[in-house]
Amino acid sequence: MHCCPLVFTFLFGYPFLQSSTILHVCFRAKEFKTRLGTLLHKPDLAYKIGNLSRSTKQRYSLEEVLGWKESFDHLLKSKNGVAAFHGFLKTEFSEENLEFWLACEEYKKTRSKAKLAAKANRIFEEFVQNEAPREVNLDHETREATRRNLTTITSACFEEAQMKTYTLMKKDSYTRFLKSAYYRELVEQATSHRTGKPAHT
């Protein structure tokens, strides 16, 4: 088990700590390291997700907001739907999954072989490799298969990894999004905008 020197020194001075406590501290240390790397890292990939830098929710039409419940694919085809879903994922600190999926979509549109290779390496370093700044949740086999794909760059290099991330978001994050107070507030805001009545807070 790998642990940072600071944590190791701390633990070594306290031999009475139980193994479960040691594991928890090491896990939190790694998580902190990953989050710190994310904050310090400035990605150069162009994610077209709308006004994601704004902290406040945008005002959408009621038809549009309710339409996102039809299917996950329907939401992903909506620029505003993607922006709203990204806002929700940020509250759960899991926005890297959507950003990886979008980066793969943009990657597949690249026609220049030189640009394709450069983008492939950036995406892998940004999201896929171990301890990447915004590492997505992939099993070891998929991660290694993706690594091997980079030896021969094609537009399908990230196909398996992208599908794994898509499935995870569809079964997990998307379901929570629709059941969340975040989504209910979007519906209330859209309803109040249509009727002219203030939304409940």
Side-chain angles (χ1 to χ4, degrees), residues 1-5 7 23 26-53 71-79 81-83 85-177:
M1 176 181 65
H2 175 74
C3 201
C4 67
V7 175
L23 288 172
C26 287
F27 174 80
R28 296 299 298 173
K30 181 178 180 181
E31 182 181 45
F32 174 76
K33 177 182 176 183
T34 300
R35 289 298 170 193
L36 181 61
T38 300
L39 291 172
L40 296 177
H41 186 76
K42 295 181 179 180
D44 53 0
L45 296 170
Y47 308 116
K48 299 179 180 179
I49 321 177
N51 300 318
L52 299 184
S53 61
S71 69
F72 186 46
D73 288 332
H74 185 85
L75 179 143
L76 291 177
K77 291 177 182 177
S78 164
K79 181 179 179 180
V82 169
F85 186 50
H86 184 271
F88 167 73
L89 292 177
K90 287 182 71 174
T91 67
E92 297 195 331
F93 303 100
S94 61
E95 66 270 21
E96 67 276 359
N97 293 319
L98 178 60
E99 290 173 2
F100 170 65
W101 187 88
L102 290 166
C104 291
E105 288 295 287
E106 192 68 21
Y107 170 79
K108 290 186 289 188
K109 298 175 184 177
T110 305
R111 294 292 174 261
S112 167
K113 289 186 177 180
K115 291 182 178 180
L116 199 68
K119 285 186 178 181
N121 287 318
R122 288 202 301 270
I123 291 173
F124 185 83
E125 292 172 359
E126 183 87 19
F127 297 102
V128 181
Q129 71 180 7
N130 285 325
E131 298 191 12
R134 289 188 282 179
E135 183 179 349
V136 292
N137 187 14
L138 296 171
D139 57 83
H140 176 73
E141 290 74 15
T142 301
R143 198 181 306 278
E144 289 306 306
T146 305
R147 187 192 303 277
R148 290 192 295 272
N149 289 344
L150 295 187
T151 59
T152 305
I153 302 295
T154 69
S155 60
C157 278
F158 298 98
E159 190 170 308
E160 183 180 358
Q162 185 186 18
M163 181 54 66
K164 289 288 181 69
T165 304
Y166 168 88
T167 301
L168 178 64
M169 289 192 295
K170 181 179 180 179
K171 292 183 177 180
D172 187 22
S173 303
Y174 174 62
T175 300
R176 290 202 309 276
F177 169 66

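Below, all heavy atoms of this structure are taken into account, side chains as well, without hydrogens, waters or symmetry copies.
With sequence neighbours left out, the salt bridge (charged side-chain N to carboxylate O under 4.0 Å, His left out) criterion links Glu125 to no other residue. Partners of Phe72 under the ring-ring contact (aromatic ring centres under 6.0 Å, His included) rule, at least two apart in sequence or in another chain, are Phe85, Tyr166, Tyr174. Judged as a side chain to side chain contact (heavy atoms under 4.5 Å, CB included), and not counting sequence neighbours, the contacts of Asn149 are Cys157. Arg176 pairs by the side chain to side chain donor-acceptor pair (under 3.5 Å) definition with Glu92, Asp172, not counting sequence neighbours. Legend: residues meeting salt bridge (charged side-chain N to carboxylate O under 4.0 Å, His left out) with Asp139, ordered by chain and number and at least two apart, are Lys164. For Thr110, the side chain to side chain donor-acceptor pair (under 3.5 Å) criterion is met by Lys119, not counting sequence neighbours. Partners of Thr91 by side chain to side chain contact (heavy atoms under 4.5 Å, CB included), not counting sequence neighbours, listed by chain and number: Phe88, Tyr182. With sequence neighbours excluded, the residues that form a side chain to side chain contact (heavy atoms under 4.5 Å, CB included) with Thr175 are Lys179.
Under the 3.5 Å distance criterion, the side-chain polar atoms of Glu135 are left unmatched by any main-chain donor or acceptor of Asn130. In this structure, the side chain of Arg134 does not engage the main chain of Glu96 through any donor-acceptor pair within 3.5 Å.
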I would like to know whether Glu141 and Glu160 meet side chain to side chain contact (heavy atoms under 4.5 Å, CB included); could you show each step before the answer? CA-CA 10 Å; Glu141 290 74 15; Glu160 183 180 358; 6.0 Å; no
With side chain to side chain contact (heavy atoms under 4.5 Å, CB included) as the test, would you mind laying out the steps for Val128 and Thr142 before giving the verdict? CA-CA 9 Å; Val128 181; Thr142 301; over 6 Å; no
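Annotation: the span from Trp101 atom CH2 to Met163 atom CE amounts to 9.5 Å, rounded to 0.5 Å. Taken to the nearest 0.5 Å, the NZ atom of Lys170 stands 7.5 Å off from the OG1 atom of Thr167.
Residue Ser78 comes nearest to Gly81 through the heavy atom pair OG-N, 2.9 Å, listed as atom of the first residue, atom of the second, then distance. In terms of heavy atoms, Ala120 sits closest to Ile153 at CB-CD1, 3.9 Å. Taking both residues in full, the closest heavy atoms of Thr154 and Leu116 are given as C-CD2, 3.8 Å, listed atom of the first, atom of the second, then distance.
Ring orientation note: the planes of Phe158 and Phe100 are nearly perpendicular, at an angle over 60° on the 30°/60° scale.
Pairs engaging residues 135-155 under the ring pair (Phe, Tyr, Trp, His ring centres under 6.0 Å) rule: none recorded [sequence neighbours left out]. Residue pairs satisfying the salt bridge (charged side-chain N to carboxylate O under 4.0 Å, His left out) criterion with at least one member in residues 107-116, sequence neighbours excluded, are listed as follows: Glu105-Lys108. Annotation: salt bridge (charged side-chain N to carboxylate O under 4.0 Å, His left out) contacts involving residues 145-159, sequence neighbours excluded, comprise Glu144-Arg147.
Between Lys90 and Glu95, none of the side-chain N atoms (NZ, or NE/NH1/NH2) sits under 4.0 Å from a carboxylate O, so this pair counts as no salt bridge.
By the 4.5 Å heavy-atom criterion applied to side chains, Phe127 and Thr165 are not counted as neighbours. The shortest side-chain heavy-atom distance between Leu76 and Leu98 falls under the 4.5 Å cut-off.
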